Asks: 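Take a look at the following structure, please.
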Amino acid sequence: NKTLVGSTIGTTLDRFINHKQADFPFATGELSQLLRDIALAGKIINLEINKSGLLDIAGAYGAVNVQGEEQQKLDVIANVRFIRALRNGGQVCAIVSEEDDEIVEINADSNYVVAMDPLDGSSNIDVNVSIGTIFSIYRRVTAPGEHVTKEDVLQKGDKQVAAGYILYGSSTMMVYTTGHGVNGFTLEPSLGEFVLSHADIQSPEDGQIYSVNEGAYYSFEQGVQDYIRYCKEERYSARYIGSLVSDFHRNMFKGGIYLYPRTDKSPNGKLRLVYECNALAFIAEQSGGMATDGENRIMSLDPLELHQRTQLLIGSTAMVKKAVSFL
Ligand code: P6P
């Protein structure tokens, strides 16, 4: 039987991380441990999601998060689980989360910052549509032991040391990059292990799928309307799940573009730069795609506040460039 070495299909996430640690000559194993902690949290959330229809934890929690959106109970549970897993893992000094108005300080002596949306698309939970966790990892700027500052958590996307997502879909996948390509791991429930299922993911340079909420068409700027009309003239397929991670993931494999444009209701767009767009932009660029706000590379933007929003066009390079040419 084939021995499963560190980077062959079917190897476990653990073996893969160990194998890839060689990519980091000065690796202390801290980032590797942090990636394992995130995978563990993903497995725990996956269990909660899979039974959410059965227990009385679905439906609104009644609280409202900083975004003013009604918080689904699983949002809150996912946030608690992730923060606990990262606290217990010991590698994180601070967390920025969609669910917390302020920076969550963890262990002042640790070196890494995590920015996350613990459960994006959570309004889909009650109707059994796939949802996702999005995460970015940064090295802190201040010295270990010092007080965490905004400088530690408001770093541009180019400073990410790792990023990825967990997609709770027909299967549960963890997809991440450390700047050396993108790899996808599928949870094997009988083992409780993420195993390498999609190695070195390369996104098609072009595609015929566009993902945008056309219900807001008349509130989009003229250039965006013109691009959407172009997609129709080209007979592209419209695919919009209403779950960013799901739409992004499908487009990365099949070729496609996802747009969340500015509208009158969302003059800066709806999606968050720090814990949604930067992570997916890193994955997009590492798999051959691109991500822009229409004028700038997403990962070049200097965040000014934790929950700042941005317009987002992300996916196959040729499609994003074409869309930008209409703006
Ligand atoms: P709209 C979910 O709330 C989310 O953040 C993304 O996952 C999704 O793509 C988008 O918002 C859907 O927003 O305005 O089209 O319903």
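FYI, side chains are in, hydrogens and waters are out, and symmetry mates aren't considered; it's all heavy atoms of this structure. A quick note: this is a predicted structure, and the numbers were derived from the prediction, not measured. Note that ligands are numbered from 1 as they come in the structure, with each ligand's atoms numbered from 1 the same way.
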Asks: So which of Gln160, Glu276, Lys159 actually passes side-chain hydrogen bond (donor to acceptor under 3.5 Å, both in side chains) with Ser136?
Replies: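 So the option named by the test is Gln160.
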Asks: Angle class for the His249/Tyr165 ring planes (parallel below 30°, perpendicular above 60°, tilted otherwise)?
Replies: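 Perpendicular.
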Asks: Using a plain distance cutoff, I'd like to know if Tyr258 has any nitrogen or oxygen under 3.5 Å from a nitrogen or oxygen of ligand 1.
Replies: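 Such a contact does occur with ligand 1.
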Asks: In terms of relative ring orientation, are Tyr258 and Tyr240 parallel, tilted or perpendicular, with 30° and 60° separating the classes?
Replies: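 Parallel.
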Asks: Relative to Tyr112, does Arg140 satisfy both conditions: NZ or CZ under 6.0 angstrom from the six-membered ring centre, and within 45 degrees of the ring's axis?
Replies: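 Judged by the rule, Arg140 and Tyr112 form no cation-pi pair.
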Asks: Does Leu271 have a heavy atom less than 4.0 Å from any atom of ligand 1?
Replies: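 Leu271 counts as a contact of ligand 1 under the 4.0 Å cut-off.
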Asks: Backbone, side chain, both or neither: what part of Asp120 comes under 4.0 angstrom of ligand 1, heavy atoms only?
Replies: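 The answer is the side chain of Asp120.
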Asks: Could you tell me which atoms of ligand 1, counted from 1 in the order shown, lie closer than 4.0 angstrom to a heavy atom of Tyr240?
Replies: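 In order of number, 1 (P), 9 (O), 10 (C), 12 (C), 13 (O), 15 (O).
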Asks: Could you tell me which atoms of ligand 1, counted from 1 in the order shown, lie closer than 4.0 angstrom to a heavy atom of Leu244?
Replies: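 Near Leu244, meaning under 4.0 Å from one of its heavy atoms, ligand 1 has 6 (C), 7 (O), 8 (C), 9 (O).
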Asks: Answer yes or no: does atom NZ of Lys254 have more than 12 heavy-atom neighbours from other residues, nucleotides or ligands under 6.0 Å?
Replies: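 Result for NZ/Lys254: open.
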Asks: Does ligand 1 come near enough to Arg272 that some N or O of the ligand is less than 3.5 Å from an N or O of the residue?
Replies: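 No - when backbone and side-chain N and O of Arg272 are compared with those of ligand 1, no distance drops under 3.5 Å.
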